[in-house]
Amino acid sequence: MSQKRLLLIDGNSIAFKAYFALPKTFTNKAGLHTNAIYGFHTMLDSVLARVEPTHILVAFDAGKTTFRTEMFQDYKGGRPTTDPELREQFLPLREMLAARSIRYYELPNYEADDIIGTLATRASEAGFLVTIVSGDRDMTQLATEKITVEISKKGVSDIEEYTPAVVQEKMGITPKQIIDLKGLMGDKSDNIPGVTKVGEKTALKLLWEYQTVEGVYEHIDELKASKMKENLINEQEIALLSKKLATINLTSPVEIELDELAMKEPDAEKLIAFYQENNFNEFLSRMGSAVEEEVQEISYEVVENFSAEHLANAEVFHLETFGENYHEAEVLAAVVGNKEKLFVTSNLDTLSSSEAKKWLDDRTKEKIVFDVKAISVFLSKMDLSIKGVKHDVLLSAYLLDKLDKTQEIAGVAKKLHTSPIKFNEDVYGKGAKYAVPMFFEEVESFAAQKAFATLNVSERLHEELEEKEMLHLLLEMEMPLAIVLSEMEEKGIAVKPEVLDELSVDLMSRIEELKTKIYAQAGVELNLNSPKQLGELLFETLGFDYKLYSKKTKTGYSTNAEVLEKMSVVAPIVDDILTYRELQKLQSTYIEGLKKSRRADGKIHTRYQQALTQTGRLSSVDPNLQNIPIRTEDGRKIRQAFVASKEDWVIYSSDYSQIELRVLAHISQDEHLKSAFMEGQDIHTSTAMRVFGISSPDEVTPLDRRNAKAVNFGVVYGISEWGLAKNLGIEPYKAKDFIDKYFEKYPGIKQYMEEVVREAKEVGYVETMFHRRRNLPEINERNFARRSFAERTAINSPIQGSAADILKIAMNNLHTRLAKENLQANLLLQVHDELIFEVAKSDVEALDKIVRSEMEDAVKLSVPLVADSAWGESWYDAK
DNA sequence: TGTGTCACG
DNA sequence: ACGTACGTGACACAT
C-alpha cells in the first residue's frame, strides 16, 4: 500500500491572502469580484502539483462566535469587517471547490484551525503524511514529523515550509511551545492579550529556560525582581487564558471519515461552466486540452519549393519571421496550405517563382493570413505583393477583443480555447536569450502551427463579426487600411540629421547652463533626471512643505510640472528645473531618439499598431511619430528635420478641424452644437457665448474662451467636476457651475451622455458610428472609481472612435484616388486627425484639392467636416 | 520591471 | 466616502 497523503487547506486565510495579493480587476460576467477565487485556484494548482495528495479537505470558519469567544469575549475583537468585495467571493469559491470535487467543511463554534488540527491528528495517527496550507503562522504549532505546515507569504504561490526542525531553527522552540509563546506574548491579530510588556524576545528567553507557561510560573521565584516579573505574577490568569486561546483544538467534533476525503475527478461540466461564468479563460483553455482528448493533428511537410499543386488548394499564407521590428526582421520560413496539409519552406526564393507569384497576385485565390500589413512589408522588400486576402485574423481578433498584448495568434487561440500553440517567447526566448532555435525543425513546426491556428480560428471570428455587424469594418475599413499603412511605413519619412545636430548644439549648451545655475541655487549637485532626488531636494533639503504643493507617490514626492508650477512663486529654482526638463526631453527623446531611428536610407520608418488601441485609433511605435513636439517653439523646431525625400518636393499636411466635437454634434443631434458648426462659428467662442450668456463674439474674453474650450474638451472626455476643476485650476464647485450651465444650454448633449451610459449598462459595450465595439465590463461595478471610469469611457469611446473611423475611411479613399490620378505624392504619416504627405511642388494644388475633398466627404454627417491644410519645406513649415 | 514624467491628438 | 478628465509611447531612474 503506497503512502497516503492528506492536504488540509485553511480556506478563509488563503482566500484572504489571495484577495490582497491580486488586483480587484478580476470580475465575472455578473460584475462580481473574482480575484480571491482566482488566487485560491492558482495556489490550489501549485500545491496539488507539489504535494500530490491522495486526500484533501478545505476548512472554513463557521462564524464569529466560537468556543473561544465564550472563554474570552474580545477574542478576535477589533478586527475590521470583511470587505464586501471579498465576502461576495466566498459562495462562488465553494462552488469552485464543489466543481473540482474537493470536500469543504465548516463546524459551528469552531474555527478552521480546529477542524484542521483535529483531522491532521487523526490522519497522522492513521499513518497519513499531512500537509497543512494556511496564511496564519499559528498553524505551525501543529507541525510534527508527519505533519508539515506550509505558510503562504506575500504572493499566492510563495510559501514557507515549517517542520519541527524549521521551527526549532527559527525560534529555538518546538512547535508545541508556540502556544506557550502566544500565551506569554499574546497575538495582536487575534486580540489575544498576553502578558504586559512581554514581547517575542522575552517570551522566547523564558521558554528556553522553563519550556512552558506553567513551567515559568513554577519557577517564578527564580526570576530576579523586575517590572517584567511583577507583570508575570499579576497577569498569571491572562497568560493561562491566552495560551488556551492560542491552542488549536485537536478533538473537535468533526463528523468526517478520512476515507471521504479521497481525491476525486472534477465534474468537468460544472467546472467549465464555472470558468466561463468567471472569465477564467486560462483555466478553461487548460481544461480544453485535457477534456478533448483528441488534440487536432497538424500535418505539414517541409519542401524546397512551393509547387503549383501545393498552391492549388492553399487557404493560408504565413511568413515566420525573427526580429522585434519587421522593417529589419529576417524571414525564416513561409507556409502555405490548408487544414489537411501544410507546406513549409525556408527557401524564400520560391516566393518569387512564377507559380508562387501567380498565386499571390491572384485575387480569386482567397487567402487567410495573420497580419497582412507585416506580410505586405516583407513581400514588398522582395518586390512582391499579396492580393485576395479575404481575412486578416489579427485584425478580426482585434475588432472582437480577442487579442492579448502579445498580439500573437497563440493569444487568440488561447482566448478562443482552441488547441493551444506556443508563443514566440517559448520558441525564440527573450532578452539576451532571444535567438533562433538550434534545431531549425523547431521553427518549421512552429510556423506550421501558427498557420494552422490561423485557419483554425478564422471561421469562428468571421461568424462572430457577422453576428455583430462588424464584417464591413474588417473588410472595407481595416483590411484595406492595412495595405495603405504598409506603404506608408515602407516609404518612410526623410529626416535631416544636420538639422537635429544644429538644434542639439544649442540645446546641450543651454542644458549645461541651467544645470550649473540650478546646482548653485540648490547648494548641492544632484541628478536632475531623478524625480526621487529632485523631490528630496525640494521637500527635504530646501524644506518646502510638500503638503502645500505636492503629494506623496509610491517612491517619494511628486515633482511633475503641475507641482513645480505651483511652487514657482516661492521657489524661483523650479522655473529653471521646468526649462531643464523641457530641454532634456527634447534632447533625449527627440534629438537622440530620432537620430537612432534613422535607417540607412536616411529615413525613419515607424510602425503603426493597427490592432492595439481601445478606441480604434492607430498608434505609432519605434519611433512614435505621433507625438513630435509642436506646443513650444523649441520643441516645434524638431519638425524642421522632417522633409521631403526628393528635390523639389515639399511636405503637405491636412488636419480635421474639431472633428471630435463635430462627431459629437452628429451623434447627439444637439440643435445648438449643430447650428454652431453649420454657421461656421468658432466653436469655443460660441460655447462661451451660450454658457456664459455673452451676446456678441467680440465680448468673449480670452479667459472666457479658454474656459469654454476646457468645458468642450471635458464634454468629449466624459466630464467630471473634479477633472474640469483640476484642468482649469479652479474649485470643483465652480466647475460644477460651468457643467450645469453647459448642460442647460446644450440639452441634447446631456441626453446623449445619459443615453449612452444607460445603454452601456444594459448591453455591456458601446459602439462607434461604424459598429466598432468597446466592451465595458466594469460599467456596473459597485466600486465607484472603476464604475465612473467605465462611464466616462462609454461617453468618450464612441466619439474618439468614430473620429478615428472617419480618418481611416478618408485614408482608404485617398489611397484609391491617388493611385488613379497618378499624382507625384506619397502619404507618409497619420496623426489621429491629420495626414502628412510629401508631394512634388508642381502637384501641391492638385493634391490639396483631392485631400481636402476626400477628407471632408469621407462621410456625410449632419454638420460639415472641415479640413485645413498647409505646406512647406519641412513639417515645421507645413503650418 | 515598475514608476514617474512628459511628448502628442 | 470614493479618486478621475479620453487615447497613446519613450525615456531615465531605481529596484
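Computation of the quantities below employed the complete heavy-atom set of this structure, encompassing side-chain atoms and omitting hydrogens, waters and symmetry-equivalent molecules. By convention in this document, chain letters (A, B, ...) are assigned in the order of the sequence lines, proteins followed by strands, and residues within each chain are numbered from 1. Because the structure is a prediction, the values reported are computed rather than measured.
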Checklist entry - What's the NZ-P distance between A:Lys596 and C:dC11, to the nearest Å? => result 6 Å
Checklist outcome for this item: To the nearest angstrom, the CG-P distance between A:Asn527 and B:dT5 comes to 14 Å
Checklist entry - Nearest-Å distance, CG (A:Leu625) to C1' (C:dT8)? => result 13 Å
Checklist entry - Is there a donor-acceptor contact under 3.5 Å linking the side chains of A:Asp501 and A:Ser504? => result no
Checklist outcome for this item: Which of A:Phe642, A:Trp871, A:Tyr652 passes ring pair (Phe, Tyr, Trp, His ring centres under 6.0 Å) with A:Phe837? It is A:Tyr652
Checklist entry - Is the base of C:dT4 touched by the side chain of A:Ser720 through a donor-acceptor pair closer than 3.5 angstrom? => result yes
Item to check | Pair assignment for C:dC2, Watson-Crick or G-U wobble, requiring both distances under 3.5 Å | outcome: none
Checklist entry - Does A:Arg631 make a side-chain donor-acceptor contact with the base of B:dG9, cut-off 3.5 Å? => result yes
Item to check | Side chain of A:Tyr717 - closest among C:dA5, B:dC6, B:dA7 | outcome: C:dA5
Next on the checklist: I'd like the P distance from B:dT5 over to C:dA5, given in whole Å.
Outcome noted: 13 Å
Checklist entry - Base, sugar-phosphate, or nothing for A:Asn727, non-hydrogen atoms under 4.0 angstrom? => result base
Checklist entry - A:Asp634 has an atom CG; how far is it from atom C1' of B:dC6, in whole Å? => result 15 Å
Checklist entry - In whole Å, what is the span from the CG atom of A:Asn529 to the C1' atom of C:dA10? => result 14 Å
Item to check | Partner residues of A:Tyr519 under the ring pair (Phe, Tyr, Trp, His ring centres under 6.0 Å) criterion, sequence neighbours left out | outcome: none
Checklist entry - What is the nucleic acid contact for A:Asn624, judged by heavy atoms within less than 4.0 Å: base, sugar-phosphate only, or nothing? => result sugar-phosphate
Item to check | Distance-only side-chain donor-acceptor flag, A:Tyr398 / A:Gln610, under 3.5 Å | outcome: no
